[in-house]
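What follows is one structure encoded as structure tokens, with my remarks underneath.
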2 protein chains.
Amino acid sequence: MDQRVKKKATIYDLSVLSGSSPSTVSAVLNGTWRKRRIKESTAQTILGLAELHQYTTNLQARGLRRSRSGLVGLMLPVHDNRYFSSMAQTFEGHVRSRGQCPVVVSASRDPEEERRTAETLISYSIDQLFIVGATDPDGVHEVCELAGLRHINIDLPGAKAHSVISDNYQGARMLTEAIIRHFGNDDPLRPDELFLFGGRNDHASRERIAAFHATKKALLGADPDDGVQSSGYSPDITLRAFEAFYQCRGKLPRALFINSSINMEGLLRFMAGRPAEMFSELVVGCYDYDPFGSFLPFPVIMVRQNVEAMITKAFELIDEPPTAPQTFLIAPELVQPRSALKGPLDTLKDTD
Amino acid sequence: MDQRVKKKATIYDLSVLSGSSPSTVSAVLNGTWRKRRIKESTAQTILGLAELHQYTTNLQARGLRRSRSGLVGLMLPVHDNRYFSSMAQTFEGHVRSRGQCPVVVSASRDPEEERRTAETLISYSIDQLFIVGATDPDGVHEVCELAGLRHINIDLPGAKAHSVISDNYQGARMLTEAIIRHFGNDDPLRPDELFLFGGRNDHASRERIAAFHATKKALLGADPDDGVQSSGYSPDITLRAFEAFYQCRGKLPRALFINSSINMEGLLRFMAGRPAEMFSELVVGCYDYDPFGSFLPFPVIMVRQNVEAMITKAFELIDEPPTAPQTFLIAPELVQPRSALKGPLDTLKDTD
DNA sequence: TTCGCTTGCACAATCGATGGTGCAAAAACT
DNA sequence: AGTTTTTGCACCATCGATTGTGCAAGCGAA
């Protein structure tokens, strides 16, 4: 009597089996049956049959009819990075707890790809879109707007939709200050010994660089204007920046402000193959937190962005009625060297 | 004349505008129009209108009709881990290049959640499902089988569908050997100085533990049977295992085989707050690769699983006609301490 | 008995795209 | 001119669920 690879049961199958009409079956199965004054006993019969035949709703059909899908999208620049992957992890938890289905995709920081990706998701009638670290948030906005899709920017702000971002200026200020203070008074850091590597021409980098300059000036009294080496968000370009620097000056600075963990990987590549002692005096500040990064052989002061708070705030905003686009700053946290913080995985149980 | 937040254009709208029938419009827009002998000029007219009105296919409708969606699923245990996130990154590349839409979700290593997640994805008529590191692959298989969904296991094998996994035994053998050889002959490692931490009762852990035992015995001549401390895939449980060990023996072993980068985070937590010197003599082997992990203050030998090869193989297999379930081993790679390898992100361009 | 109200459900249109089938007009051939 | 073939497209059922509407049966009141 069992189905082998038989087609899945539909409300029409259950309709025949139960003797009720498809609409009644539908109402029973989607929970609106009380409102439709379906008899309790009828409902029970149908629910029993549904169970028996392993009925599951065809969500494409429902989505088509309702013109929303129950899918909630998260668009990341990339997956393979602890900042963004913790974003995904946190996001999933929130979406799941709302009974919807998370869909996480990446768009490679490519404006064109970002728009295409948004369009694809829209074609599936996703209900909401969380846009993380987009290179062109406003381009994505256009696409969403046209489709009437609720959306919100995270990590990098746009001008046309609400944004929830890290307080980059404060974070970078704290970080720069912590780097400088790390050198105490015996052998204080000189202005020309602290350099910033990484970042590109986006809002986050600009803020961080501004704070870096301001803090250097405030604490060290001066700020040579060659202190910043942009190198995009690419380990290899960052590597080349370090190599160029080293080539040119014969040594690395005593202290580094590194714009993101991705850029930090460029430093790793620079370290690879070179003697460890070369880096024994180095002090690094990194705008991003990576647990392994925190335990490198030299002091690494990190900034952890408050992903949980950002996602929470984003969910609040996205449900709200639309008002003039605003940007909300979430305070990040300074992380001392050799710290292993809890992350989103810690809420998962692992019983063995 | 432009639409504001007007509904999206459909083939019916274009049908009216072009004077052709909906089926003709459909054929033109989905590319089957030559097969249907639609005149070139008709096609051009419709394509022009589509462009003008920003037509995009409603993929839910198409999916409903075709009973497949163009979505390809990847089910991970968790996002927030470099191994799995690089899996996601690689997967996305492959799916995109096939013109489909990747959907990445995590299921928290919970068998129940795994099945529910698969069921949800099936309800959206996904075309294929890649099941990574499932706790209960065969449970997921049942669900897929019933729905006639092509699927494949990755990382952890199942008995009922093809599996592509890392060659855990060989990898762990290489790793154990590398750990032991790291100690040269002056002050060689003794059997009771090498311990394995982490893992649970899954295929990967069992293989690794078996290889660990065998290699210890082969190279060190003996293998005390208390050398393995399972602690699931949880940083905190692993932390407690280290604490218990330390409590009990007053020190850490000279050498550690750590079952995964997640367990390695347990070691980080143990390190936090304790003096760095405590670990200066430590040698660690970790079955997983994390670029930052590779540069810790003590030698960390790592194993990088060949994600690219695994995903490639999985795509080959999933398209093949079904045969008796087989498990394919992919050789991992030993990574010497202080190595910063290229990853999936390196194929992305970042011009700034 | 009749009117009116509630209960319980069926009917049918609809969401947007697809693809098998059929048929008129144009073209090719005899 | 008459017949066959080809061309070009329209028609319509269909995928599975949702939802506004309508209506018969049951029941109480008048």
Side-chain angles (χ1 to χ4, degrees), chain A residues 6-46 50 53-70 120 122-127 147-148, chain B residues 6-47 49-50 53-70 120 122-127 147-148:
Chain A
K6 223 174 67 184
K7 293 313 301 165
K8 296 184 73 82
T10 71
I11 54 169
Y12 298 97
D13 302 332
L14 297 186
S15 155
V16 172
L17 291 167
S18 68
S20 301
S21 77
S23 62
T24 299
V25 174
S26 171
V28 168
L29 293 170
N30 68 30
T32 58
W33 56 280
R34 289 182 190 285
K35 197 168 63 191
R36 282 182 156 267
R37 300 198 312 253
I38 307 291
K39 227 193 309 181
E40 174 91 34
S41 65
T42 311
Q44 290 311 327
T45 310
I46 293 175
H53 293 271
Q54 314 210 48
Y55 170 85
T56 57
T57 306
N58 180 322
L59 295 175
Q60 297 218 71
R62 170 182 291 174
L64 175 58
R65 186 58 235 260
R66 291 201 178 150
S67 62
R68 39 200 191 83
S69 63
T120 304
I122 287 170
S123 299
Y124 286 108
S125 309
I126 60 167
D127 300 347
Chain B
K6 225 175 67 185
K7 292 315 301 167
K8 296 183 75 78
T10 70
I11 52 169
Y12 298 97
D13 302 332
L14 297 185
S15 155
V16 172
L17 291 167
S18 68
S20 302
S21 76
S23 62
T24 299
V25 175
S26 170
V28 169
L29 292 171
N30 67 31
T32 58
W33 57 281
R34 288 182 192 286
K35 198 168 61 192
R36 281 181 156 267
R37 300 198 312 255
I38 308 291
K39 225 194 310 180
E40 174 89 32
S41 65
T42 311
Q44 291 311 328
T45 309
I46 292 175
L47 288 172
L49 284 169
H53 292 271
Q54 316 210 43
Y55 170 85
T56 58
T57 308
N58 180 323
L59 296 175
Q60 298 218 72
R62 170 182 291 173
L64 175 58
R65 186 59 234 262
R66 290 199 179 152
S67 62
R68 36 199 198 84
S69 62
T120 304
I122 287 170
S123 298
Y124 286 108
S125 309
I126 59 167
D127 299 348

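As the structure is a prediction and not an experimental result, all values here were calculated from the model. Numbered from 1 within each chain, the chains take letters A, B, ... in sequence-line order.
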### Query
Taking 5' to 3' order, which nucleotide of DNA chain D is first and which is last to have an atom within less than 4.0 Å of a heavy atom in chain B?
D:dT7 to D:dG16
### Task
Sugar-phosphate atoms are those with a prime plus P, OP1 and OP2; base atoms are the rest. Using that split, label each nucleotide of nucleotides 11-16 of chain C B, S or - for protein heavy atoms under 4.0 Å, 5' to 3'.
BBBBBB
### Task
Compare all side-chain heavy atoms of A:V16 with those of A:Y12 and state whether any distance is below 4.5 angstrom.
no
#### Entry: Nearest heavy atoms of B:G70 and B:D127, plus distance in Å
N-OD2, 3.0 Å
### Message
I need the CD1-C1' distance between A:I46 and C:dA10, as an integer number of Å.
### Response
12 Å
### Message
Just to verify, what does B:S125 make a side-chain hydrogen bond (donor to acceptor under 3.5 Å, both in side chains) with, not counting sequence neighbours?
### Response
A:Q60
### Task
Determine the minimum heavy-atom distance between A:V25 and A:S20, stating which atoms define it.
CG2-CB, 4.4 Å
### Message
Is it the case that the side chain of B:Y124 and the backbone of A:S69 share a donor-acceptor pair, with hydrogens and angles ignored and the cut-off at 3.5 Å?
### Response
yes
### Message
Give me each pair satisfying salt bridge (Lys or Arg N to Asp or Glu O under 4.0 Å) with a member in residues 60-69 of chain A, each pair once, sequence neighbours excluded.
### Response
none
### Closest heavy-atom pair and its distance - A:L64, B:A61
CD1-CB, 3.8 Å
Can you give each donor-acceptor pair under 3.5 Å made by side-chain atoms of residues 32-44 of chain B, sequence neighbours left out, with the distance rounded to 0.1 Å?
from: B:T32; atom 1: OG1; to: B:N30; atom 2: OD1; distance (Å): 2.7
from: B:E40; atom 1: OE2; to: B:Q44; atom 2: NE2; distance (Å): 3.1

### Message
Regarding A:T42, tell me which of base, sugar-phosphate or nothing describes its non-hydrogen contacts under 4.0 Å with the strands shown.
### Response
sugar-phosphate
### Message
Contact between B:T56 and B:K8 at the side-chain level, heavy atoms closer than 4.5 Å - yes or no?
### Response
yes
### Query
Of the non-hydrogen atoms in A:I11 and A:Y55, which two are nearest, and what is the gap between them?
CG2-OH, 3.6 Å
Strictly under 3.5 Å: I want the nitrogen or oxygen pairs between protein and nucleotides 22-28 of chain C, one per line.
none

### Query
With sugar-phosphate meaning primed atoms plus P, OP1 and OP2, does B:S20 contact a base, only sugar-phosphate, or nothing at under 4.0 Å between heavy atoms?
sugar-phosphate
